[in-house]
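All ligand and atom numbering here is 1-based and tracks the order in the structure. Side chains included, hydrogens not; waters and symmetry mates left out as well; all remaining heavy atoms used.
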Amino acid sequence: MDAKEWKKTILTEKKNGYDRMPAGERGDMDRYCEAYKAFLDAGKTERECVSEGIRLAKEKGFQPYVRGMALKTGDKVYLDNRGKMLMLAVIGQKSLAEGAQITAAHIDSPRLDLKPAPLYEAEELAYLKTHYYGGIRKYQWVTIPLELHGVVILKDGKTIRVAIGEGNEPKLVINDLLPHLGAEQSKKTLAEGINGEQLNLLVGSEPMEGEEKDRVKLAVMKLLYEKYGFTEGDFISAELEAVPAFNASDIGLDRSMIGAYGHDDRVCGFAALKAMLDLEETPGKTAVCILADKEEVGSMGVSGMQTGAFDTFMEDLCDAQGVPVRVCLEKSFCLSADVTAAFDPNFPDVYEKNNASFLNYGVGLCKYTGSRGKGGASDAAAELVAYTRRIFDENGVIWQMAELGKVDAGGGGTVAAYMANRNIDTLDAGVPVLAMHAPFEVVSKLDCYMTYKGMAAVYKN
Ligand code: MN
Ligand code: MN
């Protein structure tokens, strides 16, 4: 090889995805990103993402899975686990004894959950108390418009869907101190400037006529009853989530990026879902897509990735073919799709450039996650990384390696370990995100689209 040839093999000589993407793909990328933005606007909670996912799946001929149903090659099924986790499968040409091609992402995002007894009045202003969900930087959640989405379940089992703040509806907000009086607060660290018990949503100020005590709170309660039909006691059996009141929008004068709430991890969840819905031919192996809940708090519980519901679903699919599920799992491959931290030139100190992911360099492959000595990581085998880079290259997927920050700067983990613990060969991959976990996160359109292409490559291989 001459010097020019050798240069092509150099890892650190990276090339922007726009220099590598075929010109003909721009239209597909833009169409895909419009569909993704619509999905984000329709799904601001895990429950809404499941509903929207089912709606899209039904459009493409997916049927609800019923235990014991006969399954033949090409059948498309979905299973709604308690309205918070969605599992889909396309039955492949080969036996499940040869394994399945699985993608797993999560559809829960950081937010502020209402406490069980949230409503109170202070100095004739009404507030809702929250308990934040997932790793948030609390100071980012004040002085922005918020919406309240979720469900209230009445004692008789009736479900009331709540979505306050959409469109022309009133918004909610958490206030911060004015700078004129903020001198003492400004001396605190970012982590302490706003504390958890200050994350109280302002929800009303007009008193109820004729009352003396708690009259603003009573007026708010009356409004909720008139519009939604629930009373204060029903907050106890509710899941109401305060989420940012902004829809997804293009970012940049060139519209090359998308800003939105909840990219983590709906950006991978939608890619995994859409690639499955768009399968035009029956894949060789059975394709499985898992959109899980509770990742932001540890993936536990009946709807998190550690749930037995996944094992049961896989066992049911295997039973239909008389295959022991353990035989299927040990031959399966899982792409655990979750976002990674994009290199941010504003904060270069926490990244290590040679191994960081960059906007517009494609879907990031993470051999391992974890923090401080790979703690808590699912460290994928080198064989698995080789397999994935091969199928990505063969399918025109632009990709990059991604490590989440400098060694000892921090770290993170996701559902990969829980898939790998089940004896499934699992590799992490995902979209690089700027300002991850902020109420408004930024991703690049090219990376979104390449993640979708990567998911399609997994299903087909
Ligand atoms: Mn995530
Ligand atoms: Mn996260």
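- Across Tyr452, Tyr32, Tyr449, a single residue satisfies ring pair (Phe, Tyr, Trp, His ring centres under 6.0 Å) together with Phe270, and that is Tyr32.
- Ile164 approaches Pro170 most closely through the heavy-atom pair CG2-O, 4.0 Å.
- No other N/O/S atom of His106 lies as close to the Mn ion (ligand 1) as NE2 does.
- Evaluated for a salt bridge (Lys or Arg N to Asp or Glu O under 4.0 Å) with Arg111, the options Glu46, Glu296, Glu239 yield exactly one hit, Glu46.
- When distances from the Mn ion (ligand 2) to the N, O or S atoms of Asp264 are compared, OD2 comes out shortest.
- Residue side and main chain included, Glu296 places an N/O/S atom under 2.8 Å of the Mn ion (ligand 2).
- Put simply, OG on Ser249 and CD1 on Ile258 are 9.0 Å apart, with the number rounded to the nearest 0.5 Å.
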